[in-house]
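Written out below as structure tokens is the structure these notes cover.
Owing to the predicted nature of the structure, the values given are computational and were not obtained by experimental measurement. For the numbers below, each heavy atom of this structure counts, side chains included, while hydrogens, waters and symmetry mates do not.
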Amino acid sequence: MRIALFGYGRMGKMIEQAALNRNHTIVAKIDIDTKEIDFSSFDVAIDFSMPTAAYGNITKCLENNIPIISGTTGWLENYENAVALCKEKEGAFIYASNFSLGVNVFFELNEYLAKMMKSLKQYNVSMEEIHHTQKLDAPSGTAITLAEGVINNSDYTKWKLDESGTNQIPITAKRIEAVPGTHTVFYDSEIDSIEIKHTAHNREGFALGAVIAAEWIIGKKGIFTMKDVLNLG
Ligand SMILES: NC(=O)C1=CN([C@@H]2O[C@H](COP(=O)(O)OP(=O)(O)OC[C@H]3O[C@@H](n4cnc5c(N)ncnc54)[C@H](OP(=O)(O)O)[C@@H]3O)[C@@H](O)[C@H]2O)C=CC1
Ligand SMILES: O=C(O)C1=N[C@H](C(=O)O)C[C@H](O)C1
């Protein structure tokens, strides 16, 4: 498979390694200074760039009939526009806030737990995410997906950074040097606490998941998620 990388930072470099290990070729490394892109030279694009750049990169790929995998977080105000463009162009697109197998299992566990806890009103839910100090967005995309997983399976209706309130999930974002990504969902009552936690030990799982998604999307048309790719749930 011929892959173009949009963004060649921490994740772009990890994805390059994961792709080479699976016998793919990286034909382009595109950044903000790239003047011209030869869209005929690759089969699929993987975008791990920046919140301000992701939507533009996704748009370019869809307009040029290139399947696009995006892991960039912090651009979701434009997600529905990307979906509409993908439908209009009959393209192929996957966004995932987290491509690791472990986190996608954790997403399923989170939804299952939320369903069980729905009627247990003595418990209050909250979330914490911890990432490295270079991270640009807060809360993390993964924390937002976790909050949406609870909202879709409970009486909670919204999430907010650092703020609790009626039917609102408070999310705390901590920034600590070199942490790849740690997410915890807490249910607290006067009597006890339940917590589920995912800890990434490095970025390998994110990178491998993105390459697996790129392999999977070839020949498909539509808007998909990692749940489709991993056949979970
Ligand atoms: N979904 C998932 O599983 C995961 C998602 N992420 C997300 O991926 C994104 C990237 O993370 P990370 O690699 O750590 O960040 P980095 O800052 O290390 O890399 C981002 C890269 O994008 C480049 N860039 C800036 N503008 C553009 C543009 N217009 N087109 C293409 N590239 C551009 C930057 O270049 P320059 O430095 O020159 O500005 C930089 O090299 C983040 O949003 C992060 O949250 C991260 C890990 C896992
Ligand atoms: O910026 C990161 O590093 C990460 N970003 C993603 C997110 O916002 O959830 C995924 C992972 O936690 C690492």
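Looking only at distances, no side-chain donor or acceptor of Asn167 sits under 3.5 Å from a matching main-chain atom of Thr157. No donor-acceptor pair under 3.5 Å is formed between the side chain of Asp188 and the backbone N or O of Asn124. Checked by atom type and distance alone, the side chain of Lys13 pairs as donor or acceptor with a backbone atom of Tyr8 at under 3.5 Å. Asn202 places a side-chain N or O within 3.5 Å of a backbone atom of Glu204 that can act as its donor or acceptor partner.
In this structure, Ile32 and Met50 have side chains that are not in contact, with every pair of non-hydrogen atoms separated by 4.5 Å or more. The side-chain heavy atoms of Met117 and Val125, taken from C-beta on, include no pair separated by under 4.5 Å. In this structure, the side chains of Lys118 and Asn153 stay at 4.5 Å or more apart for every pair of heavy atoms. Proximity of Asn64 to Phe42: side-chain heavy atoms (C-beta onward) are nowhere separated by under 4.5 Å. Looking at heavy atoms from C-beta onward, Glu16 lies out of side-chain contact with Met11 at the 4.5 angstrom threshold. In this structure the side chain of Lys89 reaches within 4.5 angstrom of the side chain of Glu63, judged on heavy atoms. Two residues are said to be in side-chain contact when any heavy atoms from C-beta on lie closer than 4.5 Å; Lys29 and Asp31 fail this criterion. By the 4.5 Å heavy-atom criterion applied to side chains, Arg22 and Leu208 are counted as neighbours.
Between the CZ atom of Arg10 and the CZ atom of Arg203 there is a distance of 5.5 Å, given to the nearest 0.5 Å. One distance of note links CD1 of Ile69 with CZ of Phe93; it measures 9.0 Å at 0.5 Å rounding. If you take CD1 on Ile26 and CD1 on Ile15, they are separated by 8.5 Å, rounding to the nearest 0.5 Å. Atom NZ of Lys121 sits about 7.5 Å away from atom OG of Ser154, to the nearest 0.5 Å. A distance of 9.5 Å separates CD of Glu108 from CG of Leu230, quoted to the nearest 0.5 Å. In this structure, CG on Leu101 lies 8.0 Å from CD1 on Ile212, to the nearest 0.5 angstrom.
Ala213 and Val229 make their closest contact through CA-CG1, 4.1 Å (heavy atoms, listed as atom of the first residue, atom of the second, distance). Scanning all heavy atoms of the two residues, the minimum distance from Tyr95 to Gly141 falls at OH-CA, 4.4 Å. Contact detail for Lys158 and Thr166: the closest heavy-atom pair is NZ-O, 4.0 Å. Ala19 approaches Ile3 most closely through the heavy-atom pair CB-CD1, 3.8 Å. Of all heavy-atom pairs between Phe206 and Ala200, the closest is CZ-CB, 3.8 Å. Scanning both residues, Gly71 and Phe48, for their nearest heavy atoms gives CA-CZ, 3.6 Å.
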Derivation and outcome, side chain to side chain contact (heavy atoms under 4.5 Å, CB included), residues Met127 and Glu195: CA-CA 9 Å; Met127 296 183 182; Glu195 60 183 71; over 6 Å; no
Could you check His198 against Thr142 for side chain to side chain contact (heavy atoms under 4.5 Å, CB included), going step by step and ending with a plain yes or no? CA-CA 11 Å; His198 178 273; Thr142 305; over 6 Å; no
Sequence neighbours left out, cut at 3.5 Å: what donor-acceptor pairs do the side chains of residues 217-226 make with other protein atoms?
| unit_1 | atom_1 | unit_2 | atom_2 | d |
| --- | --- | --- | --- | --- |
| Lys220 | NZ | Trp216 | O | 2.7 |
| Thr225 | OG1 | Lys227 | N | 3.2 |
| Thr225 | OG1 | Asp228 | OD2 | 3.4 |

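A 6.0 Å sphere centred on CD1 of Ile176 holds more than 12 heavy atoms belonging to other residues, nucleotides or ligands. Annotation: Ile191, atom CD1; neighbour count of heavy atoms from other residues, nucleotides and ligands within 6.0 Å does not exceed 12.
Under the 4.5 Å side-chain contact rule for hydrophobic residues, Leu109 and Val185 share a cluster. Hydrophobic clustering (ILVMFWY, side-chain heavy atoms < 4.5 Å, transitive): Tyr123 and Ile169 are in one cluster. When the side chains of ILVMFWY residues are joined at heavy-atom separations under 4.5 Å, either directly or via intervening members, Leu232 and Phe106 end up in two distinct hydrophobic clusters. Note on Tyr79: it does not cluster hydrophobically with Phe107, by side-chain heavy-atom contacts below 4.5 Å among ILVMFWY residues. Tyr187 and Leu120 end up in the same hydrophobic cluster when Ile, Leu, Val, Met, Phe, Trp and Tyr side chains are linked at under 4.5 Å.
A salt bridge between Arg175 and Glu129 is present, with a side-chain N of the basic residue lying under 4.0 Å from a carboxylate O of the acidic one. Between Lys135 and Asp137 there is a salt bridge, since a side-chain N of the basic residue sits under 4.0 Å from a carboxylate O of the acidic one.
Glu77 and Tyr55 form no side-chain donor-acceptor contact under 3.5 Å, judged by distance and modelled atom types alone. Under 3.5 Å, the side chains of Thr72 and Asp47 contain a donor-acceptor pair of N or O atoms.
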